[in-house]
Amino acid sequence: MPERIQVIENILNANDRIALENRQILDHAGVFSLNFMASPGAGKTSLIEQTVKRLRNTLRIAVIDGDIATSLDADRAANAGAVAVQINTGGECHLDAVMLHEALPSLDLKNLDLLIVENVGNLVCPANFSLGTHKSILIASIPEGDDKPHKYPGMYRGVDALVINKVDLLPYIPFKMDFFKQGVEILNPNLVTFPLSCQTGEGLQPWFDWLTEQVKAH
Ligand SMILES: Nc1nc2c(ncn2[C@@H]2O[C@H](COP(=O)(O)OP(=O)(O)OP(=O)(O)O)[C@@H](O)[C@H]2O)c(=O)[nH]1
Ligand SMILES: [Mg+2]
């Protein structure tokens, strides 16, 4: 049904146009921005908490939190020391560029170095809606299983960095790292990857170093 396909294309084009505007606003203010995507519970907010706590003395950080209903995650980001804004999507399974566009004026962008956007927990829809952020970060986690790159190729194909969270659980959960990495390699060769644990702190330093470099380079 060609008409139906046309409508979908138009929606995506409209989103991309606003995403471009968001990028221009962020660039104009000199803010480097990340889109955190992951399945529910992978550890997006945990990584935000760790990142804010560690880097808040060297970087001015804000967090925009996308959630279907609550402000729990924005509260956690604020408690960690970030300026935090909550977007309730009212049931939508992803953030889109318009939602981010409406949230940006709540922030004093000129006085920020880094903006982290936490997308809604979902491995499908967020991959289809660019926000205008500079880099997309996928947070995978051990309990999700080693087959996820194979099953959700769209998400793994489109990201700029991969965090593998909850490595502290590797002794307890069957997870073949080789099989997982094979799937990633096919979709996104040489993807920069950070195996870490937000629980124990293991592996966090390389992530902090990479992120600091990215902000400086911007
Ligand atoms: N064992 C272990 N648990 C973790 C780790 N990181 C996060 N968790 C736990 O995983 C659960 C989910 O973490 P969140 O940070 O809320 O995950 P999220 O991706 O933000 O979840 P949603 O926003 O609901 O999609 C919490 O109970 C965390 O304490 C980790 O490295 N190891
Ligand atoms: Mg969260």
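Values reported hereafter were calculated over all heavy atoms of this structure, with side chains retained and with hydrogens, waters and symmetry mates removed. Not measured: the values here are computed from a predicted model. Start at 1 and go down the list; that is how both ligands and their atoms are numbered.
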- prompt: What protein heavy atom sits nearest atom 15 (O) of ligand 1, and how far off is it?
  reply: S46 OG, 2.6 Å
message: Suppose I only count heavy atoms of L169 and a 4.0 Å limit; which atoms of ligand 1 are within that range?
response: 1 (N)
- request: Might you check, step by step, whether the distance between atom 20 (O) of ligand 1 and some protein heavy atom is under 4.0 Å?
  value: yes
- prompt: How far is atom 9 (C) of ligand 1 from its nearest protein heavy atom, and which residue and atom is that?
  reply: K166 NZ, 4.0 Å
Return all side-chain donor-acceptor pairs below 3.5 angstrom for residues 93-104, not counting sequence neighbours, or 'none' if the list is empty.
from	atom 1	to	atom 2	distance (Å)
D96	OD1	V98	N	3.1
D96	OD1	M99	N	2.9
H101	ND1	N22	OD1	2.7

statement: Counting heavy atoms under 4.0 Å, the part of V120 that contacts ligand 1 is neither
- request: Hey, could you give me each pair passing salt bridge (Lys or Arg N to Asp or Glu O under 4.0 Å) that has a residue in residues 112-132? Not counting sequence neighbours.
  value: R60-D113
task: State the CG-OG1 distance between D75 and T70, to the nearest 0.5 angstrom.
output: 8.0 Å
Euclidean distance, L138 CG relative to D160 CG, rounded to 0.5 Å: 11.0 Å
- prompt: Does at least one non-hydrogen atom of A38 fall below 4.0 angstrom from an atom of ligand 1?
  reply: no
- prompt: When only distance counts, is A42 in polar contact with ligand 1, meaning an N/O pair under 3.5 Å?
  reply: yes
message: Please compare G41, G121, S39, G43 and report which has the shortest non-hydrogen distance to atom 24 (O) of ligand 1.
response: G41
- request: Check each atom of ligand 1 against the heavy atoms of E118 and keep those under 4.0 Å away; list them by number with element.
  value: 20 (O), 23 (O)
message: I'd like to know whether K148 forms a side chain to side chain contact (heavy atoms under 4.5 Å, CB included) with Y156, so could you lay out the CA-CA distance, the side-chain angles of the two residues, the decisive distance to 0.1 Å, and finally the verdict.
response: CA-CA 9 Å; K148 292 303 166 286; Y156 278 81; 3.9 Å; yes
- request: Determine, stepwise, if the pair L114 / V31 fulfils side chain to side chain contact (heavy atoms under 4.5 Å, CB included).
  value: CA-CA 6 Å; L114 173 64; V31 180; 5.9 Å; no
message: Which of the numbered atoms in ligand 1 are under 4.0 angstrom from any heavy atom belonging to K44?
response: 15 (O), 17 (O), 18 (P), 19 (O), 20 (O), 21 (O), 22 (P), 23 (O), 25 (O)
- prompt: Transitively linked via ILVMFWY side-chain contacts under 4.5 Å: L59 with I48?
  reply: yes
- request: If you have a sec, work out which protein heavy atom is nearest atom 16 (O) of ligand 1 and how many Å separate them, to one decimal?
  value: R76 NH1, 2.9 Å
message: I'd like to know if Y172 and F179 are part of one continuous hydrophobic network [Ile/Leu/Val/Met/Phe/Trp/Tyr, side-chain heavy atoms within less than 4.5 Å].
response: no
message: For the Mg ion (ligand 2), which protein N/O/S atoms fall under 2.8 Å? Skip waters.
response: T45 OG1, D73 OD2, E118 OE2
Salt bridge (charged side-chain N to carboxylate O under 4.0 Å, His left out) involving R76 - partner list, sequence neighbours excluded: E49, D73
No-hydrogen, no-angle side-chain donor-acceptor test under 3.5 Å, N88 and D67: no
message: M177 vs K181, test: side chain to side chain contact (heavy atoms under 4.5 Å, CB included). Steps then yes/no.
response: CA-CA 6 Å; M177 192 59 86; K181 285 189 169 168; 4.0 Å; yes
query: Do you know which of K135, H218, H134 makes side-chain hydrogen bond (donor to acceptor under 3.5 Å, both in side chains) with S33?
result: H134
- prompt: Can you list the steps and then say if L196 with N165 is a side chain to side chain contact (heavy atoms under 4.5 Å, CB included)?
  reply: CA-CA 5 Å; L196 55 80; N165 188 31; 3.5 Å; yes
- prompt: Can you check whether a protein heavy atom sits less than 4.0 angstrom from atom 26 (C) of ligand 1?
  reply: no
- request: Considering only non-hydrogen protein atoms, determine which one is nearest to atom 3 (N) of ligand 1 and report residue, atom name and distance to 0.1 Å.
  value: Q199 OE1, 3.7 Å
query: Considering only heavy atoms of D168, which atoms of ligand 1 have at least one such atom less than 4.0 Å away?
result: 1 (N), 2 (C), 30 (C), 31 (O), 32 (N)
